[in-house]
Trainee: 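I'd like to ask you about the structure that follows.
The chains referred to below are lettered A, B, ... by the order of the sequence lines, with proteins before strands, and numbering in each begins at 1.
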Amino acid sequence: MLKELDNLSEIQKMAVIHKDGPAMIIAGPGSGKTRVIANRVSYLISKHKIFPERILAVTFTNKAADEMRERCVALTNKSDLNISTFHSLCVSLLRQYGSRINIDPYFSIYDDSDQTRLVKRILKDMNKDPKKLPFKISTFFSEISVAKNNKLAPAEYISREQKDPDGALFSQIIYEIYDSYEKALRIANSLDFDDLLLKTVLLLENFEDIRNEIEERYQYLLVDEFQDTNKLQLEISKKLTEKNKNLFVVGDPDQSIYSWRNAEPRNLLDFEKLFPEASIIKLDQNYRSTKSIIAVADKLISNNTERFKRELWTGNKDGNDAVLVTARNPSSEAEFVTRELSYLINKGISPEEIAVMYRVNSQSRNMEDKLEELQIPYRLIGALGFRERREIKDMLAYISILINHNDEVSLSRIINTPRRGISDATYLSFRQAFMSQSQYESILGYLLSRPWKEDFKVNKRAEAALDRFAEMIKGMVHKVKVLSTESLISEIIEASGYGTYLEADPDYDNRLRNIEELKVKAREISLDITDPFDKTVEFVQKFALITKVDDSVETDQESDKVTLITLHQAKGLEYSVVFIIGFEQGMLPHIRSLDDHKEMEEERRLCYVGITRAKERIYLTNCLNRVTWNNQGKNMFSQSQVPSQFLSEIPKEFLKTADYDDFGKINYTEKNFNKEDYVKTEKRINIKHSNFYVSDVVIHKIFGRGIVVSVDRNNDEDELLIKFDDIDEPKLILPAFGSIHKENQNEEDSFDYLKDFEISGEDSVGDDDFSGYFED
DNA sequence: GAAATTGTGGTTTTT
DNA sequence: CCACAATTTC
């Protein structure tokens with residue numbers, strides 16, 4: 001038997017040996033999807049003698065593409081496979097054929113910060129105050145993104161929108177900005193992310209010869225994560241397989257989490273309608289996770305109503321119980337996670353195999369603090385990607401303007417960075433002058449040839465500064481043609497004064513390191529291109545598509561690190577141990593989703609994605625209180641949190657619950673937990689007895705007033721069962737951690753017994769730890 | 001024109 | 001709370 005079919009289930013084999021015609025693989029999490037794709041690629045090559053370069057596999061992220069490539073190369077020993085993302089595929093196609101639709105091959109790619117810059121500039125030109133618009137800039141971008149996904153140019157957009165009289169005014173303004181934005185992009189010879197897809201669709205749609213040529217080039221198309229494709233990506237997939245129909249798509253409707261970004265899960269669900277002859281294969285055996293984990297995931301996702309009923313199952317062992325831990329507040333939650341993971345690490349689990357996941361990036365803060373406190377190395381898959389760092393954006397802007405002389409956004413970014421005496425006002429006059437002349441086609445060309453001295457008036461100082469800048473750029477315009485990308489970067493840093501400017505930066509070391517890293521990345525890219533200029537162009541264009549998952553903030557040099565990551569970014573990854581924090585209404589599900597059924601289902605899918613990343617252990621955590629931002633009062637205040645409704649959707653027997661209080665101690669209410677394990681991690685000295693007795697009236701820091709129902713002194717430490725006034729079920733409390741005192745005693749007296757033992761570490765048993773929680 | 005200071009507004013997820 | 005914009009001061 002061929003090695004491609006080794007160790008596969010019958011159903012997986014069916015997918016691997018699929019040759020011609022459309023196929024849809026519904027692949028549940030951990031069902032061996034990547035393996036199936038890689039093996040099919042390999043099988044096509046070795047069994048059917050398809051040339052590797054005629055197979056195109058499209059994934060969602062660069063990282064996924066790299067992994068896929070690695071796997072395929074390992075199997076086939078061939079390196080000329082085509083594996084890329086939709087966006088980078090489009091960049092390549094547009095570079096090659098873009099001239100047919102008036103796109104210069106040296107186009108720049110604008111990310112959202114570039115877009116925002118551009119739109120702000122446009123608004124200024126239109127004499128509009130960004131703050132007085134009836135919508136936020138982000139609304140504008142999502143609006144035009146929808147427009148572009150529906151292939152609506154500004155004119156088409158407005159004619160469609162105006163049918164709705166209520167929205168007419170709103171749409172009119174959007175239209176005006178959209179129109180100017182498109183014109184500005186064209187003048188700047190730049191494309192935004194949606195354009196990359198849209199222009200490619202237009203290319204394939206309108207030019208049969210190009211379509212044929214590309215379809216000839218790629219005989220077999222595989223698309224991964226198909227549930228997250230948008231309309232344009234579907235169209236590209238269809239156009240590329242128009243004749244041969246060799247479209248092999250893989251996805252999982254339950255993992256569709258990008259509908260807010262115009263992903264259309266229907267692309268997958270309706271695949272059968274589109275291609276009635278399609279082979280349909282469902283992979284629902286999970287090879288990744290324990291039964292406990294799968295049970296939680298499956299019970300949760302079965303609460304979605306708009307869903308093909310489908311059961312994920314596994315032949316794996318039961319494994320550890322899934323755990324829910326409730327903490328007092330986010331910092332306590334982070335403390336629990338940190339201590340627990342240090343316990344796991346001590347137990348021999350590699351930090352690399354552990355991830356902490358959350359709904360929003362800001363939740364990483366508490367985790368970072370605690371991890372640093374305990375000196376556990378972590379990798380933050382960050383809010384701020386490498387690409388978005390200021391020094392990196394600046395470098396790229398310098399290079400971009402040298403490549404694309406029309407790239408106005410880049411020019412405006414660096415013309416006074418570092419400060420060289422060219423104020424925004426000066427730049428605006430200069431730009432105005434450029435716009436109103438017709439002799440020079442590019443803004444950089446205009447700057448360099450300097451007739452602008454006649455076109456507008458600025459003071460001597462500004463004029464001299466502009467002159468110096470032009471001189472400096474002039475010296476580099478030819479260098480971009482001959483220097484390697486990394487030498488070019490060094491040259492820019494030297495010539496522009498950026499180096500000296502950086503030295504004054506408080507974050508100098510980091511920024512310098514980032515720039516060095518940029519050079520390394522430049523060196524690594526596109527080894528097969530020989531011309532230095534082409535290489536730089538390739539680098540800049542592909543660099544714009546790098547995702548945050550590709551790079552990260554490292555806390556030290558070791559590679560062995562715990563991962564902090566958003567649930568969205570975690571898709572496609574797997575870890576032995578996964579913590580998902582913030583299981584509270586308003587956090588997860590996110591507050592913006594609470595009133596919308598469809599969005600709630602997507603939040604549920606997001607949890608499903610998170611839970612199914614885990615191989616061995618899953619911990620869900622939440623907080624009783626959380627400091628939130630109050631719109632009205634402009635004050636931070638501690639708000640009591642309602643547990644996530646998703647938790648109640650998971651039957652109790654599948655999720656063991658425990659409480660965690662601020663002193664780093666878990667009250668395990670389920671016997672399946674090995675309490676000893678946790679005590680060891682805390683390095684606490686066991687205590688003796690407390691002075692609480694049955695029927696004592698007590699005050700608890702969190703739960704308020706209650707009566708001691710029973711005292712258990714069999715263990716090393718007392719366990720009190722307390723019926724609190726406001727809580728139906730009596731709660732188990734360990735009095736040793738100072739969160740409780742007798743009603744008729746003041747707190748200090750109650751704490752007396754604490755003198756009998758000590759708590760290791762710098763922790764002091766004082767009131768400090770409580771301050772702030774109950775204010776307001 | 002740049003730096004320092006005050007004010008303001010905004011918090012989801014990202015190719 | 002934090003980032004960035006506007007305003008004031010140098």
Side-chain angles (χ1 to χ4, degrees), chain A residues 58-65 84-91 109-113 115-117 120 124 129-132 136-139 141-142 145 149 191-197 225 228-230 232-233 256-263 357-363 365-366 381-385 387-388 390 416-427 458-462 464-466 504 542 544-550 565-572 582 586-594 599 602-603 605-607 609-610 627-631 634-637:
Chain A
V58 176
T59 60
F60 222 66
T61 63
N62 291 292
K63 187 169 192 224
S84 75
T85 66
F86 269 110
H87 290 269
S88 71
L89 170 70
C90 291
V91 167
I109 299 167
Y110 284 173
D111 66 13
D112 31 339
S113 75
Q115 284 182 300
T116 307
R117 251 186 124 84
K120 282 187 176 164
K124 213 161 201 172
D129 183 348
K131 282 176 195 158
K132 296 207 176 98
K136 287 188 269 175
I137 289 199
S138 59
T139 309
F141 284 123
S142 59
S145 182
N149 268 276
L191 301 172
D192 63 24
F193 284 125
D194 290 321
D195 282 341
L196 294 175
L197 304 174
E225 305 283 12
D228 284 330
T229 54
N230 61 28
L232 298 172
Q233 289 163 329
S256 154
I257 53 174
Y258 286 107
S259 69
W260 52 274
R261 218 179 61 196
N262 304 318
M357 302 179 184
Y358 36 80
R359 179 61 232 268
V360 300
N361 276 304
S362 58
Q363 285 172 275
R365 234 296 128 59
N366 285 302
I381 310 295
L384 229 210
R387 202 185 67 216
E388 292 149 63
R390 204 170 61 217
N416 200 32
T417 310
R419 301 250 130 97
R420 44 173 77 91
I422 304 170
S423 73
D424 206 43
T426 307
Y427 177 68
V458 286
N459 64 46
K460 277 260 150 22
R461 221 165 62 184
L466 217 45
K542 291 290 163 70
L545 305 174
I546 286 181
T547 69
K548 290 169 186 170
V549 186
D550 300 334
I565 191 169
T566 65
L567 287 163
H568 281 90
Q569 292 170 323
K571 194 180 65 164
M587 295 296 292
L588 186 60
H590 190 267
I591 190 156
R592 301 267 292 253
S593 314
L594 291 176
E599 288 183 34
E602 185 148 314
E603 295 289 304
R605 290 195 292 271
L606 195 52
C607 292
V609 167
V627 173
T628 52
W629 174 246
N630 178 12
N631 289 336
K634 292 248 166 209
N635 281 321
M636 309 289 291
F637 71 105

Trainee: Taking the minimum atom-to-atom distance to the side chain of A/Asn361, which one of B/dT13, B/dA2, B/dG1 wins?
Mentor: B/dT13
Trainee: Is there a donor in the side chain of A/Asn416 and an acceptor in the side chain of A/Ser423, or the other way round, less than 3.5 Å apart?
Mentor: no
Trainee: Report yes or no: is the ring centroid of A/Trp260 under 5.5 Å from the six-membered base ring centroid of B/dT13, with the two planes under 30 degrees?
Mentor: yes
Trainee: In terms of side-chain heavy atoms of A/Arg461, which of B/dT15, B/dG1, B/dT14 is nearest?
Mentor: B/dG1
Trainee: When the distance from CG of A/Asp228 to C1' of B/dT15 is rounded to whole Å, what number comes out?
Mentor: 10 Å
Trainee: Rounded to the nearest Å, what distance is computed from the CZ atom of residue A/Arg605 to the C1' atom of nucleotide B/dT13?
Mentor: 13 Å
Trainee: When we call it a touch if two heavy atoms are under 4.0 Å apart, what does A/Phe86 touch: a base, just sugar-phosphate, or nothing?
Mentor: nothing
Trainee: Nearest whole Å is fine: how far is B/dT14 C1' from A/Arg261 CZ?
Mentor: 5 Å
Trainee: Considering heavy-atom distances to DNA chain B, does A/Ser423 or A/His568 have its closest nucleotide positioned more toward the 5' end?
Mentor: A/Ser423
Trainee: Hey, does the side chain of A/Gln569 come within less than 4.0 Å of B/dT13's phosphate (OP1/OP2), counting only N and O?
Mentor: no
Trainee: Does some side-chain heavy atom of A/Ile109 sit less than 4.5 Å from a side-chain heavy atom of A/Phe193?
Mentor: yes
Trainee: Measure the distance from CZ on A/Arg592 to P on B/dG10 and round it to the nearest whole Å.
Mentor: 12 Å
Trainee: Checking A/Lys571 against A/Phe60: charged group under 6.0 Å from the ring centre and within 45 degrees of the axis?
Mentor: yes
Trainee: Identify whether any heavy atom of A/Asp194 sits under 4.0 Å from a base atom; if not, whether one sits that close to sugar-phosphate; answer base, sugar-phosphate or nothing.
Mentor: nothing
Trainee: Rounded to whole Å, how long is the line connecting atom CD1 of A/Ile546 with atom P of B/dT14?
Mentor: 16 Å
Trainee: Do A/Thr85 and A/Ser88 pair up side chain to side chain, a donor and an acceptor below 3.5 Å, judged on atom types alone?
Mentor: yes
Trainee: Would you give the length of the straight line joining atom CG of A/Asp228 to atom CZ of A/Arg261, rounded to the nearest 0.5 angstrom?
Mentor: 7.5 Å
Trainee: Rounded to whole angstrom units, what separation is found between the CZ atom of A/Arg420 and the P atom of B/dA2?
Mentor: 11 Å
Trainee: Looking at the side chain of A/His87, which of B/dT14, B/dT15, B/dG1 is the nearest nucleotide?
Mentor: B/dT15
Trainee: Select one nucleotide: of B/dT13, B/dT15, B/dA2, the one nearest the side-chain heavy atoms of A/Val360.
Mentor: B/dT13
Trainee: On a whole-Å scale, what distance lies between the C1' atoms belonging to C/dC4 and B/dT13?
Mentor: 22 Å
Trainee: Any idea which of B/dA2, B/dT15, B/dT13 is nearest the A/Thr566 side chain?
Mentor: B/dT13
Trainee: Over all strands shown, is A/Ala462 touching base, sugar-phosphate only, or nothing at heavy-atom distances under 4.0 angstrom?
Mentor: sugar-phosphate
Trainee: Return the 5'-most residue of the pair A/Thr426, A/Glu602 with respect to DNA chain B, ranking by each residue's nearest nucleotide.
Mentor: A/Thr426
Trainee: Could you check whether A/Lys124 pairs with A/Asp424 (Lys NZ or Arg NE/NH1/NH2 to Asp/Glu carboxylate O, under 4.0 Å)?
Mentor: yes
Trainee: Among B/dT11, B/dG1, B/dT14, which nucleotide sits nearest the side chain of A/Lys136?
Mentor: B/dT11
Trainee: Without decimals, in angstroms, what is the distance between A/Ile381 CD1 and B/dT14 C1'?
Mentor: 14 Å
Trainee: Do the ring planes of A/His568 and A/Trp260 sit parallel (below 30°), tilted (30 to 60°) or perpendicular (above 60°)?
Mentor: perpendicular
Trainee: Are the side chain of A/Thr426 and the backbone N or O of A/Ile422 linked by a donor-acceptor pair below 3.5 Å?
Mentor: no
Trainee: Nucleotide by nucleotide, 5' to 3', does protein get under 4.0 Å of the base (B), only the sugar-phosphate (S), or neither (-) in nucleotides 4-10 of chain C, counting heavy atoms?
Mentor: -SS----
Trainee: How close or far is atom P of B/dT14 from atom OH of A/Tyr110, stated in whole angstroms?
Mentor: 24 Å
